[in-house]
Participant: 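The structure's right below; bear with me while I get my questions together.
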Amino acid sequence: MANSTLLVALKILSILIFAAWVSLWLLKPTQLWTRKWKAAEDKARATVFGYYGLNFAVYTFPPIALAIIGSFYLNLKPRESIRRKGRKLTAGFSNPLVVNTLLGVLSTLEILAVFLFILFLAWNFYARISNDFKNLKPAKSLMLNSWQLKYLKVATRFGLLAEVCLAFLLFPILRGLALFRLLGIQFEASVRYHIWLGTAMIFFATFHGASTLFVWGVSHYIQEEIWEWQKTGRIYLAGEICLVTGLVIWITSLPQLRRKQFEIFYYTHHLYMVFLVFFLFHAGDRHFYMVFPGIFLFGLDKLLRIIQSRPETCILSARIFPSKAIELILPKDPGLKYTPTSIIFVKVPSISKYEWHSFSITSSSRVDENTMSIMIKTEGSWTSSLSHMIQTRPESDGDQTKYIPIAVEGPYGPVSMDFLRYDSLLLVSGGIGITPFLSIIQELASSQNSGINKFLPRMQLIYVVKKSQDICLLNSISPLIFGQPAEKCLLRVKVFVTQEEQSDATVRELLNEFSQVQTVNFGTKFLNFSISGLENSLWMAAIAGISSILFLIFLIMFNHIFVPSQKNPAKEKTPSWVADLLIISSFVLALICSIFVALVIRWRRLKKQIPPSLQKQSKALEKGPTQASDALEEHEIHFGGRPNFEDIIAKFPDEKGGSDIGVLVCGPETMKESVASICQKKCGAKKQKPNFSFHSLNFTL
């Protein structure tokens, strides 16, 4: 009861902080706020805090406080979802409202959030530009007529719209200190919000930069300003470098290039450091404090993730499937628990020292205490290199090959298993998209066997593959498919083989035919550490709090040392870029101190870690042909065509029952859109008794 009260209190506090921070953005363009804020800054100058301390406390700290409170909230939230308490009030808002090839699948909540954000941008633009036009005065240095001056003001305000987008840009890609997890949105799902914000930011910034250059060209002023590094005010050269860097990052992240040349996308994305530094020099410290929360949390989150991924561990074994898929078995600390649909990021230093790739975890921490498994489809240069390395690893003593070191970051996943609240689950997957469902099925089967949950949803798995050999990916759950009596079996499987002609083979026969997988065991001589996961969220909250306090202390100290007091008018005015350098220096020092604290915490945790145990590994790995059974084959297989999802969803309530049905889809975008459009129609029908709740799972970023 006390926990529930505290969770409600933390949620209310988070809402109030977020509302207050957004209110600042709404008030900032107004003349009232400008006057009041200037007076507040003048008063703060006379204190130790300074105007910079006031800006940090008011503009920057609220989202950091939100991340700290959110960490406490997620730590207290129970892992298991309580079932049969009725539908969530927000369930209807999370269902598809727009299904479009260009936009993808958008829920009512997403449409509402986008609409409010557009209103937010419109208000910021209108409030500023209307005031600019009222007080329009020609600049002495620029020989501009009325329309040119107005156009320059519009271009300037578009730059501020880019600033608004930048302020929110990095929040969706936080992992350890993820704010979106408070809304139940996982990192792999929130990445698209980062893409939307980045695209909007580049559009506004390009209009801002191109229009400014155009006005300079018309006024024959371009030669004087374009190459000059101004001592005070806007540094235009920094803005030009910032814009060019942003365009390079955006162009190389376009889907057409990212999918074919992932390495180019990955490495050019690290130019974000150049982009942010030159944005600070261009915009100045006062504008930077508004966008600093996302940068602060992202920098801290990034460093904590780097520390968490050290030291490296080793691949225990690999299972090579006939369908060009490889399952990697990794050592896991028995104390590490994760929820189904979680993902990890993997780096193999022998392939690339800097490149990370995300994969869905296919195992269940309830079933496999000492190991964790992921499945990789060999497509692209990185996965092909890994496959080649595994299959051609030179032999060493005994039946084991030399070890392959691997760095693992994560796992990242939902705090609680929300899918337990449904009466039935319809799992729709295509190809390698089966991976998150393997962990769900194993988790629910384990819960059934242990009797932890009395009411478990009944499941139907729709698995769409190109070739029959791809069915071998179901090998890890074959005992769950065929090893239980029909009355106790929670799972029914329907397989659709799209590129092969009709066959009389059953699911059991095909699984038996393709069950012979090649297992490669690797050396464990240097296996000293296993995957232990992220630090406790309370520790992460403490580190975030310490970092913000240290930053403020360093900032105040540096300003008192390097910036002369304005009380002495004889002293020359300090260049504006000095304040920018002080922010960078304070931030770097705060991160270094935080790294030291995080390293101490990590070292203490590793000292307490149980040495990796391999005794229980064989139980998870030994999955041979499915045993014959006298029970009637309940599972279906269809050849030569794609599934009729409308027919499947219409029949599902009669086959599995239940009034609250969760529809989880992981596969190609066309599959998601097809299922989402059907769920949209079902939800739109009046007095439709079975409630279909659509959820899209991503297995690639």
Participant: Just by distance, no angles: are the side chains of Y266 and S253 close enough, under 3.5 Å, to form a donor-acceptor pair?
Facilitator: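 Note: Y266 and S253 side chains miss the donor-acceptor criterion.
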Participant: Between V346 and W382, does the side-chain contact (heavy atoms from CB on, under 4.5 Å) criterion hold? Intermediate values first, please.
Facilitator: CA-CA 11 Å; V346 168; W382 190 90; 4.1 Å; yes
Participant: With under 30° as parallel and over 60° as perpendicular, where do the rings of F587 and F292 fit, or are they tilted in between?
Facilitator: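 Ring orientation, 0 to 90° scale: perpendicular.
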Participant: Quick one, V665 and M671 - any side-chain contact, counting heavy atoms below 4.5 Å?
Facilitator: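 Yes, close enough: below the 4.5 Å cut-off.
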Participant: Determine whether the aromatic ring centres of residues F278 and H282 are separated by less than 6.0 angstrom.
Facilitator: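 H282 vs F278: aromatic centres not under 6.0 Å.
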Participant: Assert yes or no for the condition that the ring centre distance of F262 to F265 is strictly below 6.0 Å.
Facilitator: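 Yes, they do, as the ring centres are separated by less than 6.0 Å.
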Participant: Test S387 against every option in I326, I376, T392 by the side chain to side chain contact (heavy atoms under 4.5 Å, CB included) rule and name the one that passes.
Facilitator: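 In the set I326, I376, T392, the residue that makes a side chain to side chain contact (heavy atoms under 4.5 Å, CB included) with S387 is I326.
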Participant: May I ask you to decide if I306's main-chain N or O and S309's side chain share a donor-acceptor pair within less than 3.5 Å?
Facilitator: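 Present.
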Participant: Side chains of L330 and T371: closer than 4.5 Å at any heavy-atom pair?
Facilitator: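 No; the side chains remain at least 4.5 Å from each other.
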Participant: If you apply the rule side chain to side chain donor-acceptor pair (under 3.5 Å), what do you find for Y403 with T313, and how did you get there?
Facilitator: CA-CA 10 Å; Y403 78 106; T313 185; over 6 Å; no
Participant: Okay, side chain of S323, backbone of D470: is any donor-acceptor separation there less than 3.5 Å?
Facilitator: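 Pair absent, no side-chain N/O of S323 close to backbone of D470.
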Participant: Salt bridge or not between R192 and E110? Use side-chain N to carboxylate O under 4.0 Å.
Facilitator: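 Looking at E110 together with R192, the answer is yes, because their closest N to O distance falls below 4.0 Å.
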Participant: Rounded to the nearest 0.5 Å, what separation is found between the CG atom of L170 and the CG atom of L179?
Facilitator: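 Going from the CG atom of L170 to the CG atom of L179 covers 11.0 Å.
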Participant: Between M375 and L473, is there a side-chain heavy-atom distance shorter than 4.5 Å?
Facilitator: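 Side chain of L473 against side chain of M375, heavy atoms only: contact under 4.5 Å found.
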Participant: Answer yes or no: is there an ion pair linking E535 with R605, defined by an N-O contact shorter than 4.0 Å?
Facilitator: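 So E535 pairs with R605 through a salt bridge.
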Participant: Could you walk me through whether S384 and E379 pass the side-chain contact (heavy atoms from CB on, under 4.5 Å) test, one step at a time?
Facilitator: CA-CA 6 Å; S384 297; E379 56 179 8; over 6 Å; no
Participant: Quick one: is the NZ or CZ of R305 closer than 6.0 Å to the six-membered ring centre of F345, and within 45° of its axis?
Facilitator: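 No, a cation-pi geometry is absent between R305 and F345.
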Participant: Is the side chain of S317 donor-acceptor paired with the backbone N or O of I329 at a distance under 3.5 Å, no angle test?
Facilitator: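 Answer holds: no.
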Participant: Just so I know, are the side chains of S429 and I462 near enough to count as touching, which here means a heavy-atom distance under 4.5 Å?
Facilitator: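 When only atoms from C-beta onward are counted, I462 and S429 do not touch, as no gap falls below 4.5 Å.
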Participant: Walk me through whether H638 and V497 qualify under side-chain contact (heavy atoms from CB on, under 4.5 Å).
Facilitator: CA-CA 6 Å; H638 305 270; V497 183; over 6 Å; no
Participant: If I take atom CD1 from residue I343 and atom OG from residue S358, how far apart are they, to the nearest 0.5 angstrom?
Facilitator: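 I343 atom CD1 to S358 atom OG measures 5.0 Å (nearest 0.5 Å).
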Participant: To the nearest 0.5 Å, how far apart are OG1 in T362 and CG in L328?
Facilitator: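 The CG atom of L328 is 9.5 Å from OG1 of T362, to the nearest 0.5 Å.
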Participant: What's the spacing between I351 CD1 and S385 OG if we round to 0.5 Å?
Facilitator: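 The OG atom of S385 is 5.5 Å from CD1 of I351, to the nearest 0.5 Å.
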Participant: So, are E369 and K332 salt-bridged, with charged N and O less than 4.0 Å apart?
Facilitator: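 Salt bridge between E369 and K332, a charged N being under 4.0 Å from a carboxylate O: no.
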Participant: Check the pair E409, R175 against salt bridge (Lys or Arg N to Asp or Glu O under 4.0 Å), reporting the backbone distance first and the verdict last.
Facilitator: CA-CA 10 Å; E409 182 194 306; R175 298 179 196 170; 2.5 Å; yes
Participant: Check the orientation of F279 and F275. Use parallel for under 30°, tilted for 30 to 60°, and perpendicular for over 60°.
Facilitator: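 Correct class here is parallel.
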Participant: side-chain contact (heavy atoms from CB on, under 4.5 Å) between M201 and L169: does it pass, once the steps are laid out?
Facilitator: CA-CA 9 Å; M201 181 190 72; L169 180 67; 4.1 Å; yes
Participant: Going from CG on L438 to CG on L474, what distance comes out if it is rounded to the nearest 0.5 angstrom?
Facilitator: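 Going from CG on L438 over to CG on L474, the span is 7.0 Å.
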Participant: Hey, could you give me the CD1/CZ distance between I406 and F522, rounded to the nearest 0.5 Å?
Facilitator: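 Here the interatomic distance stands at 10.0 Å.
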Participant: Please name the residue in the list K337, E443, Q442 that meets the side-chain hydrogen bond (donor to acceptor under 3.5 Å, both in side chains) test with S364.
Facilitator: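 Running side-chain hydrogen bond (donor to acceptor under 3.5 Å, both in side chains) over K337, E443, Q442 with S364 returns exactly one hit, E443.
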Participant: My understanding is that only one of Y193, Y412, F168, F171 makes a ring pair (Phe, Tyr, Trp, His ring centres under 6.0 Å) with F180; could you say which?
Facilitator: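 Testing F180 for a ring pair (Phe, Tyr, Trp, His ring centres under 6.0 Å) against Y193, Y412, F168, F171 leaves exactly one candidate, Y193.
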Participant: Is it true that atom NZ of K494 has more than 12 heavy atoms of other residues, nucleotides or ligands lying nearer than 6.0 Å?
Facilitator: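 Check passes, neighbour count above 12.
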